[in-house]
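Written below as structure tokens is the structure these notes are about.
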There are 2 protein chains.
Amino acid sequence: MTNKEQILQTALALFAEQGYDRTPTSQIAREAGVSEGLIFRHFGSKDALLAAIIQLGLSQIAESMQGYTGQAAPHGAIAEHIARSFALVRAHETFWRLVQKARFQPAVRQTAAAQIEEVNRFIVGQLTAHFQQAGSANPQLEALHLFALIDGVTIHYLDNPAEYPLDAMQQFLIQKYSDGNNMG
Amino acid sequence: MTNKEQILQTALALFAEQGYDRTPTSQIAREAGVSEGLIFRHFGSKDALLAAIIQLGLSQIAESMQGYTGQAAPHGAIAEHIARSFALVRAHETFWRLVQKARFQPAVRQTAAAQIEEVNRFIVGQLTAHFQQAGSANPQLEALHLFALIDGVTIHYLDNPAEYPLDAMQQFLIQKYSDGNNMG
DNA sequence: TACCTTTGTGAGTGATTACTCACTTTTATG
DNA sequence: CATAAAAGTGAGTAATCACTCACAAAGGTA
């Protein structure tokens, strides 16, 4: 692993654990085993370092979303969305913890807000289409509802991964949605 | 309003808007119209100021929760919980924005975590009882599910209060739960 | 080898910040 | 009124932090 990659990885871990504002660049350098100056040679500023982390994380996620055709039956598409969402959270737990932190830090948001918001809009749009295709009476609200639900479960899980029953919750939700209760 | 109250109110607004770490005590003092030293005379430290804000907010909320007997019919109790939750968010929007921020800032959490977590546990317990009384097949998961849902909707609303359809979502959820779909 | 570019260092710097303290003013109490 | 306690001030301080810079090492290319 190059020093640059080492910096990215160390900074991600520290930002996710301590928060952006509480993580000095000196600590990143120390734990990454490089000099502090190197961070600024590679990324220019602490803000730009965060932006690079977000961009890298999103691109990795986009990569693992390849092959998500969503061409299954309406019910199946929604179940698949739920399963994929939680799979992403499980696979990129640290990154999501950073994103959830960043969401509520205005100065941090400026860096990442546009990218994340675009992803969110895409997801809600896709969900709306699924619910519409499934004949839901109110696909828009249904999509916002599921989106909020997944976000809420994700946050509660990240709050306490060791104890939160994510597997059970995932099965619970998938069953709920495969009953057709939400297809009104 | 006393100077002490003025400090609390100003700090709440600034913490909620900018975040705790991004808000210097000098700014709080300036906007509250007092000297910086007075903050420390009254509260001792910036951390203690935050703790006082959280405690005040929670006590106000506990006060407005008085009279919430939850003695209605099972379905009614859940609908009432949903309505009351969003009413609280609407009435204490700034405070909730601070709480959502604090949730992801470890150093800030130490101050407020115990109190907030206790409230959360109480809510989940109460919801579980409601679902149990309603004959749900899995009251525990059902309670966690509704709790996450309300949290998710709250966060999305706080993200963009001007555009989020909170009224519609509230009616949507209440109708969903009065159908008995979740009573298995 | 000679030369250039990239990578890497670490001591230094100016700005910011939470907090202190000696002091003054106001308020309460006998 | 006298006195003490509480409220209030603002200049000062030590520490921290993001960032700079002069320089060195390493790597590629002719």
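Each chain gets a letter, A, B and so on, in the order the sequences are listed, and its residues count up from 1. The model shown is predicted, which means the values in this text are computed figures rather than measured ones.
The shortest distance between the side-chain N/O atoms of B:N3 and the OP1/OP2 oxygens of D:dA7 is not below 4.0 Å. OP1 or OP2 of D:dA18 lies within a sub-4.0 Å distance of a side-chain N or O belonging to A:T25.
Not a single side-chain hydrogen bond (donor to acceptor under 3.5 Å, both in side chains) links A:Y164 to another residue, sequence neighbours left out. Here B:I123 pairs with B:H81, B:V119, B:L127, B:F147 under the side chain to side chain contact (heavy atoms under 4.5 Å, CB included) rule; sequence neighbours left out. Residues passing the side chain to side chain contact (heavy atoms under 4.5 Å, CB included) test with B:V99 are B:F95, B:W96, B:I116, sequence neighbours excluded.
Atom pair B:Q6:CD and D:dA7:C1' shows a separation of 16 Å (rounding to whole Å applied). A straight line from CZ of B:R30 to C1' of D:dG10 spans 14 Å, rounded to a whole angstrom. Between the C1' atom of D:dC19 and the CG atom of A:D47 lies a distance of 13 Å, rounded to the nearest Å.
Under the 6.0 Å distance and 45° angle rule, B:K101 does not count as a cation-pi partner of B:Y20.
Using a 4.5 Å heavy-atom threshold, the side chains of B:F43 and B:L50 count as separate.
When heavy atoms are screened at a 4.0 angstrom cut-off, A:T2 is found touching no nucleic acid atom at all.
Within residues 36-46 of chain A, the residues that have a heavy atom under 4.0 Å from DNA chain C are, in order of number, A:G37, A:L38, A:R41, A:H42.
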Contacts under 3.5 angstrom, residues 29-40 of chain A side chains, donor-acceptor by atom type, not counting sequence neighbours:
from	atom 1	to	atom 2	distance (Å)
A:E31	OE2	A:Q27	NE2	3.1
A:E36	OE2	A:T25	OG1	2.7

Open item on the list: Assess the residue pair B:E80 and B:H130 against the criterion (side-chain contact (heavy atoms from CB on, under 4.5 Å)); give the C-alpha distance rounded to whole Å, side-chain angles, the decisive distance to 0.1 Å, and a yes or no.
Closed with: CA-CA 11 Å; B:E80 191 182 350; B:H130 287 155; over 6 Å; no

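Along DNA chain C, the stretch of nucleotides lying under 4.0 Å from any heavy atom of chain B spans, 5' to 3', C:dT17 to C:dA22.
Heavy-atom contacts from other residues, nucleotides or ligands closer than 6.0 Å to CD of B:Q60 number more than 12.
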